[in-house]
Engineer: 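Quick one: the structure is below, and I'll ask about it shortly.
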Amino acid sequence: MTDGHDSLPEEMGEEFWNERYRSSERVWSGRPNRHLVAEAADLAPGRALDVGSGEGADALWLATRGWQVTAVDISSVALDRGAAHAAEAGEGVVDRITWLRADVTQWAPPTPPFDLVTAQFMHLYPNPRARLFADLAAAVAPGGELLVVAHHPKDLELGVPRPSVPELFYEGDAVTAVLAEGEWDVLVDDVRTAEQTLDETTYTVHDLVVRARRRA
């Protein structure tokens, strides 16, 4: 996950993210990612895996819609914060979320497989990224879906404040390349724009959205 800072992935371990979350009462907006809402709102609830869950807004949104969610993040501070938000939401939410601390570069998803696997703004170098995407695809149940959202390389070209490491940014084929031929239908492979204010300047940002369904 990137947050507009200049730190590189190898520097962004558990302690980096714990300190990042300790630096503010709320790092993210508290709202679910808009692409998750757009793509998953009409899905029937099942088992969901939220990778890079941060303070838990996506996990809470899914849980309120009836999903059983496993929320994974490297930061214990973020997970504790997410669990506290879930507790505030009540029994119908808190009982539907399992919080799991893991470094996704050294981790494999739990079993059994999931009906939805979502990874929002995970930015790694190409080799660990490919391994992660392959693991996430393998964690999708037949008939289930994989949703990957990321900052698109166009943001770097247009001066949006992102880490100045081109290798961290990718096109849709970085995701679709790990999908076994004949086993998946790619439903969305798109670049979407929005206005976002970063460092007191408003930019047009570009998000990659890839959604695929494993054939039953």
Engineer: Do you know the tightest heavy-atom contact between A71 and L79?
Structural biologist: O-CD2, 3.9 Å

Engineer: Hydrophobic clustering (ILVMFWY, side-chain heavy atoms < 4.5 Å, transitive) - are L60 and V37 grouped together?
Structural biologist: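 Result: yes, single cluster for both.
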
Engineer: Output side-chain donor-acceptor pairs under 3.5 Å for residues 38-45, partner residues at least two apart or in another chain, one line each.
Structural biologist:
unit_1 : atom_1 : unit_2 : atom_2 : d
E39    : OE1    : R211   : NH1    : 2.9
E39    : OE2    : R192   : NH1    : 2.9
E39    : OE2    : R192   : NH2    : 2.8

Engineer: Please tell me if the side chains of D189 and L208 come closer than 4.5 Å, counting only heavy atoms from C-beta onward.
Structural biologist: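 They are in contact (side-chain heavy atoms under 4.5 Å apart), so the answer is yes.
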
Engineer: Run the side chain to side chain donor-acceptor pair (under 3.5 Å) test on T201 and D199 for me, step by step, so that the C-alpha distance in whole Å, both residues' side-chain angles and the decisive distance to 0.1 Å come before the verdict.
Structural biologist: CA-CA 6 Å; T201 300; D199 301 331; over 6 Å; no

Engineer: Is there a continuous path of hydrophobic side-chain contacts, each under 4.5 Å between heavy atoms, that joins V69 to V94?
Structural biologist: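 Each belongs to a different hydrophobic cluster.
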
Engineer: Between R34, K154, R162, which is the residue that forms a salt bridge (Lys or Arg N to Asp or Glu O under 4.0 Å) with D207?
Structural biologist: R34

Engineer: Taking side chain as C-beta onward, heavy atoms only, is I74 less than 4.5 Å from R101?
Structural biologist: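 The answer is yes; the side chains approach within 4.5 Å.
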
Engineer: Step by step, work out the side-chain contact (heavy atoms from CB on, under 4.5 Å) result for L187 and E145.
Structural biologist: CA-CA 9 Å; L187 307 178; E145 298 197 6; 3.8 Å; yes

Engineer: Let me check something: do V140 and V186 share a hydrophobic cluster, defined by ILVMFWY side-chain heavy atoms less than 4.5 Å apart, either directly or through other members?
Structural biologist: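 Same cluster.
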
Engineer: Is there a donor-acceptor contact under 3.5 Å from the side chain of R31 to the main chain of D58?
Structural biologist: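 Checking the backbone N and O of D58 against the side chain of R31, no donor-acceptor pair under 3.5 Å is found.
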
Engineer: Once you round to the nearest 0.5 Å, how far does CG of D50 lie from CH2 of W61?
Structural biologist: 11.0 Å

Engineer: Enumerate the salt bridge (Lys or Arg N to Asp or Glu O under 4.0 Å) contacts for residues 118-143, please, sequence neighbours excluded, ordered by first and then second residue.
Structural biologist: none

Engineer: With a 4.5 Å cut-off on side-chain heavy atoms, are E167 and P126 touching?
Structural biologist: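 Yes, close enough: below the 4.5 Å cut-off.
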
Engineer: Under the side chain to side chain contact (heavy atoms under 4.5 Å, CB included) rule, collect the residues that match up with R96, sequence neighbours excluded.
Structural biologist: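 Listed in chain order: A63, Q68.
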
Engineer: Supply the atom-to-atom distance L49 CG to F114 CZ, rounded to the nearest 0.5 angstrom.
Structural biologist: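 Rounded to the nearest 0.5 Å, the CG-CZ separation comes to 4.5 Å.
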
Engineer: With sequence neighbours left out, write down each residue that passes side-chain hydrogen bond (donor to acceptor under 3.5 Å, both in side chains) with D185, or none if nothing qualifies.
Structural biologist: R215

Engineer: So, taking the atom named CZ in F169 and the one named OG in S164, what distance separates them when rounded to the nearest 0.5 Å?
Structural biologist: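 The CZ atom of F169 sits 8.5 Å away from the OG atom of S164.
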
Engineer: Are the side chain of T197 and the backbone N or O of E200 linked by a donor-acceptor pair below 3.5 Å?
Structural biologist: no

Engineer: Quick check: closest heavy atoms across A102 and W107, and the distance to 0.1 Å?
Structural biologist: CB-CD1, 3.4 Å

Engineer: I'd like to know if the side chain of T111 and the backbone of P113 have a donor-acceptor N/O pair within less than 3.5 Å.
Structural biologist: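 Side chain of T111 to backbone of P113, a donor-acceptor pair under 3.5 Å: no, none is there.
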
Engineer: In the hydrophobic clustering (ILVMFWY, side-chain contacts below 4.5 Å, transitive), which residues join L198, or is it alone?
Structural biologist: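 Under the 4.5 Å side-chain rule, L198 groups with V160, Y203, V205.
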
Engineer: Treat each ILVMFWY residue as a node, draw an edge where side-chain heavy atoms are under 4.5 Å apart, and state whether L158 and L156 are in one component.
Structural biologist: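 Not linked; separate clusters.
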
Engineer: Is a side-chain donor or acceptor of S53 paired with a backbone partner of V72 at a separation under 3.5 angstrom?
Structural biologist: yes

Engineer: Does some side-chain heavy atom of N127 sit less than 4.5 Å from a side-chain heavy atom of Y125?
Structural biologist: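 No. Closest side-chain heavy atoms not under 4.5 Å.
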
Engineer: Got a donor-acceptor contact below 3.5 angstrom from the R214 side chain to the E183 backbone?
Structural biologist: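 Checking the backbone N and O of E183 against the side chain of R214, no donor-acceptor pair under 3.5 Å is found.
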
Engineer: What donor-acceptor contacts under 3.5 angstrom involve side-chain atoms of residues 170-181, with partners at least two apart or in another chain?
Structural biologist:
unit_1 : atom_1 : unit_2 : atom_2 : d
Y170   : OH     : M122   : O      : 3.0
E171   : OE1    : H152   : NE2    : 2.9
T176   : OG1    : G172   : O      : 3.4

Engineer: Before giving the answer on side-chain contact (heavy atoms from CB on, under 4.5 Å), spell out for V117 and L147 the whole-Å C-alpha distance, their side-chain angles and the decisive distance to 0.1 Å.
Structural biologist: CA-CA 6 Å; V117 175; L147 175 64; over 6 Å; no

Engineer: Just how far is it from atom CH2 of W67 to atom CG of L116, taken to the nearest 0.5 Å?
Structural biologist: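 It comes to 4.5 Å.
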
Engineer: Are L146 and W184 close enough that some pair of their side-chain heavy atoms sits under 4.5 Å apart?
Structural biologist: yes

Engineer: Working to the nearest 0.5 angstrom, can you tell me the gap between N33 CG and T118 OG1?
Structural biologist: 7.5 Å

Engineer: Does L124 reach the side chain of L132, with side-chain heavy atoms less than 4.5 Å apart?
Structural biologist: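 When only atoms from C-beta onward are counted, L132 and L124 do touch, with a gap below 4.5 Å.
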
Engineer: If you measure from NE2 on H206 to NE2 on H151, what distance do you get to the nearest 0.5 Å?
Structural biologist: 13.0 Å

Engineer: Has D73 got a side-chain atom pairing as donor or acceptor with G54's backbone, closer than 3.5 angstrom?
Structural biologist: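 Side chain of D73 to backbone of G54, a donor-acceptor pair under 3.5 Å: yes, one is there.
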
Engineer: Ignoring hydrogens and angles, state whether a donor on the side chain of T204 or E195 is under 3.5 Å from an acceptor on the partner side chain.
Structural biologist: yes

